[in-house]
Peer 1: 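Below you will find the structure I want to go over with you.
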Amino acid sequence: MFGIKTFIKSHFNRYFFYPHVWQKILDKRVETLRQKDCITVAFVTMDVAMWKYQGLYDLLKKDRRFNTYIVLSPTVKFCREEMARELQKMREFFGQRAMPYVDWDLEHGAPPTDILKTLNPDILFYTQPGKKVFTSVHSFRHFRNKLLCYSPYGFYMHDKPSLYDRKFLNMAWKLYYFTDVQKSLAEKYAERRGENVIVSGYPPYEQYTNGPFSDVWKIKDKSVKRIVWAPHFTISTSLMEGTRARSHFLTMWEMMPKLAKKYEGMIQIAFKPHPRLLTELYQHPDWGKERADNYYRMWQQHIDNGQLETGEFVSLFHGSDALIHDSSSFLIDYVYFDKPEFFLADDLTSYKLESDEVSLKVYNSVYYGLKEQEICHFIEDVVIGGNDTMKETRNAVLRQHLLPPGGKIASQIIYEDLKRELSPKS
């Protein structure tokens with residue numbers, strides 16, 4: 001019986017998601033929304049660092065035809081303590097901006113709000129397409145009868161089918177990708193051949209360039225150079241299917257405080273770990289909760305020219321002088337700030353082999369290495385000495401590929417697309 005059920009379910013889903021059949025279903029939903037006086041839009045939000053929809057939210061908020069809601073939904077990939085911390089950061093972030101949100105009283109054991117019952121949203125915007133990232137009542141699978149939209153929180157950098165041909169991406173009504181290169185890869189790999197892709201440019205661009213910014217750095221003297229160290233969370237190859245361990249935290253954790261001490265008076269370092277790194281360290285056999293908490297606390301309290309940053313990063317990056325990291329999402333983001341970056345890798349060949357056209361050019365514009373002397377050379381020659389030989393190469397990538405298409409910012413392009421699609425047809 002189980003085999004028969006599985007067979008029927010498999011073939012039903014296959015028929016249901018035939019592109020031409022699915023597009024007709026979406027068209028009917030759009031036609032229904034065109035008749036509504038007010039359309040409810042929910043932004044399912046994982047953490048502060050991934051919040052890239054501010055500009056679009058502001059435009060929709062001003063339009064009487066849209067009701068906008070933010071739904072706090074920290075990823076279930078975090079341990080419970082880290083989920084609670086991320087919830088609190090989101091409450092503070094959105095609360096300070098007087099932006100109402102749907103909360104989750106996780107700390108007292110309450111279940112997440114089933115917004116399908118309370119808000120009944122017409123459109124949902126996500127920041128990640130993973131099927132096991134959100135709690136079940138916030139997962140895209142819970143909203144099969146709604147219109148799903150997606151703009152990645154970071155740049156897709158690889159030329160491979162798994163990034164473009166996922167169930168969520170084929171279900172989505174609208175995918176707002178950043179460049180023509182990404183659109184062409186969706187046309188090549190996705191089951192729907194990119195028919196749901198709009199090239200919008202990068203939504204965070206306006207935040208990166210227009211602010212508002214605040215000086216979050218511990219030492220205010222600008223002659224003391226400001227370096228961000230941003231390790232990724234993938235300290236094990238088993239963390240994510242199809243993802244190699246690219247974080248070098250386990251080889252860098254001792255070196256970076258030592259370098260802060262070595263160059264004290266000349267630099268300061270902000271430890272900006274990926275939000276999920278703490279969870280992975282809690283579960284690591286050589287670390288655990290006490291050791292990980294103590295390490296984070298050391299950066300927060302006990303390094304005179306060091307600091308811990310676990311929230312949003314825009315002001316941090318804007319006020320910085322350089323970035324040392326192994327995070328692919330930051331690789332392109334940091335180009336917008338026109339500062340040198342050092343990518344932690346002993347060789348870039350394997351990264352370049354997997355790269356699309358844009359990310360390949362970015363890899364060719366960064367400094368890289370893994371040895372202590374290589375990092376010291378970057379600090380002494382590029383950061384302190386100001387000998388940034390990659391500056392023009394970075395700026396060329398920005399001009400050619402990363403600036404908004406047609407001179408319009410991404411949030412405006414997305415907003416205008418929604419308005420055009422959902423306006424009543426005469």
Side-chain angles (χ1 to χ4, degrees), residues 29 32-33 36-153 166-169 171-174 203 275-276 278-279 310-312 414 418 422:
R29 293 179 188 168
T32 299
L33 290 189
K36 290 190 68 173
D37 293 329
C38 195
I39 297 169
T40 300
V41 181
F43 293 90
V44 185
T45 308
M46 295 175 63
D47 61 56
V48 171
M50 289 184 181
W51 173 247
K52 306 293 181 74
Y53 288 121
Q54 187 66 50
L56 176 61
Y57 175 91
D58 291 340
L59 289 171
L60 293 175
K61 191 72 175 177
K62 295 175 184 176
D63 191 323
R64 293 182 180 178
R65 187 136 189 263
F66 296 96
N67 274 334
T68 53
Y69 295 92
I70 294 167
V71 181
L72 305 190
S73 187
T75 177
V76 294
K77 296 288 186 180
F78 287 162
C79 65
R80 193 172 185 85
E81 297 99 323
E82 192 62 14
M83 288 177 70
R85 275 193 283 265
E86 290 302 323
L87 266 171
Q88 187 56 35
K89 290 177 199 170
M90 287 191 284
R91 290 170 186 146
E92 293 172 1
F93 179 84
F94 294 116
Q96 289 169 359
R97 289 158 178 78
M99 298 167 63
Y101 52 81
V102 178
D103 205 350
W104 176 0
D105 191 11
L106 176 75
E107 295 89 340
H108 296 95
T113 302
D114 186 346
I115 59 172
L116 187 61
K117 296 178 180 178
T118 57
L119 300 181
N120 192 25
D122 301 300
I123 299 173
L124 296 100
F125 274 86
Y126 282 87
T127 53
Q128 274 210 354
K131 61 184 178 181
K132 297 179 181 179
V133 173
F134 297 98
T135 181
S136 59
V137 294
H138 294 165
S139 168
F140 71 88
R141 293 172 178 268
H142 193 54
F143 301 97
R144 291 177 180 267
N145 296 323
K146 306 298 180 179
L147 294 179
L148 307 178
C149 297
Y150 173 61
S151 178
Y153 79 91
R166 301 184 183 186
K167 187 166 188 177
F168 172 87
L169 302 178
M171 281 182 61
W173 173 50
K174 294 283 186 176
R276 189 172 159 186
L278 192 60
T279 290
T310 59
E312 67 92 13
I414 298 172
L418 293 175
L422 298 171

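If you're wondering where the values come from, they're calculated on a predicted model, not measured in any experiment.
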Peer 1: List the atom of Thr279, the atom of Cys79, and the distance in Å for their closest heavy-atom pair.
Peer 2: OG1-N, 3.1 Å

Peer 1: Decide yes or no for Phe168 and Leu148: does some side-chain heavy atom of the first lie under 4.5 Å from some side-chain heavy atom of the second?
Peer 2: yes

Peer 1: On a heavy-atom basis, which atom in Thr127 and which in Val44 lie closest, and how many Å separate them?
Peer 2: OG1-O, 4.2 Å

Peer 1: Hey, what do you get for CZ (Phe66) to CG (Leu56), rounding to the nearest 0.5 Å?
Peer 2: 9.0 Å

Peer 1: Going through the checks in order, is the ring-ring contact (aromatic ring centres under 6.0 Å, His included) test met by Phe43 and Phe125?
Peer 2: CA-CA 5 Å; Phe43 293 90; Phe125 274 86; 5.3 Å; yes

Peer 1: Does Trp104 reach the main-chain N or O of Ala84 with its side chain, forming a donor-acceptor pair under 3.5 Å?
Peer 2: no

Peer 1: Within a strict 4.5 Å, meaning less than it, do heavy atoms of the Leu422 and Arg65 side chains meet?
Peer 2: yes

Peer 1: Which residue, Thr68, Thr40, Ile39, forms the side chain to side chain contact (heavy atoms under 4.5 Å, CB included) with Ile123?
Peer 2: Ile39

Peer 1: Is there a donor-acceptor contact under 3.5 Å from the side chain of Tyr53 to the main chain of Thr45?
Peer 2: no

Peer 1: Using side-chain heavy atoms (C-beta onward) and a distance below 4.5 Å, is Pro74 in contact with Met90?
Peer 2: yes

Peer 1: First locate atom CZ of Arg85, then atom CG of Leu278, and finally report the distance between them rounded to the nearest 0.5 Å.
Peer 2: 5.0 Å

Peer 1: Could Glu92 and Lys89 be called an ion pair, given the rule that one side-chain N must be under 4.0 Å from one carboxylate O?
Peer 2: no

Peer 1: For the pair Arg276 (side chain) and Glu82 (backbone), establish whether a donor and an acceptor sit closer than 3.5 Å, ignoring hydrogens and angles.
Peer 2: no

Peer 1: What pair of heavy atoms forms the shortest contact from Thr75 to Val133, and how long is it?
Peer 2: OG1-O, 2.8 Å

Peer 1: Answer whether the closest heavy-atom distance between the side chains of Lys146 and Leu116 falls below 4.5 Å.
Peer 2: yes

Peer 1: For side chain to side chain contact (heavy atoms under 4.5 Å, CB included), just list the numbers for Phe134 and Tyr126, CA-CA rounded to whole Å, side-chain angles, deciding distance to a tenth of an Å, and then say yes or no.
Peer 2: CA-CA 10 Å; Phe134 297 98; Tyr126 282 87; 3.5 Å; yes

Peer 1: Drop me the distance from Met171's CE to Phe143's CZ, to the nearest 0.5 angstrom.
Peer 2: 11.0 Å

Peer 1: With heavy-atom distances below 4.5 Å as the criterion, would you say the side chains of Met99 and Gln54 are in contact?
Peer 2: yes

Peer 1: What's the separation between atom CE in Met46 and atom CD in Gln128, rounded to the nearest 0.5 Å?
Peer 2: 4.5 Å

Peer 1: Side-chain donor-acceptor pair under 3.5 Å between Gln88 and Arg91, yes or no?
Peer 2: yes

Peer 1: Does a side-chain heavy-atom distance below 4.5 Å link Arg29 with Asn145?
Peer 2: yes

Peer 1: Is there a side-chain contact between Ile115 and Leu124, using heavy atoms and a 4.5 Å cut-off?
Peer 2: yes

Peer 1: Do the non-hydrogen side-chain atoms of His138 and Pro112 ever get within less than 4.5 Å of each other?
Peer 2: yes

Peer 1: Got a donor-acceptor contact below 3.5 angstrom from the Lys174 side chain to the Cys149 backbone?
Peer 2: no

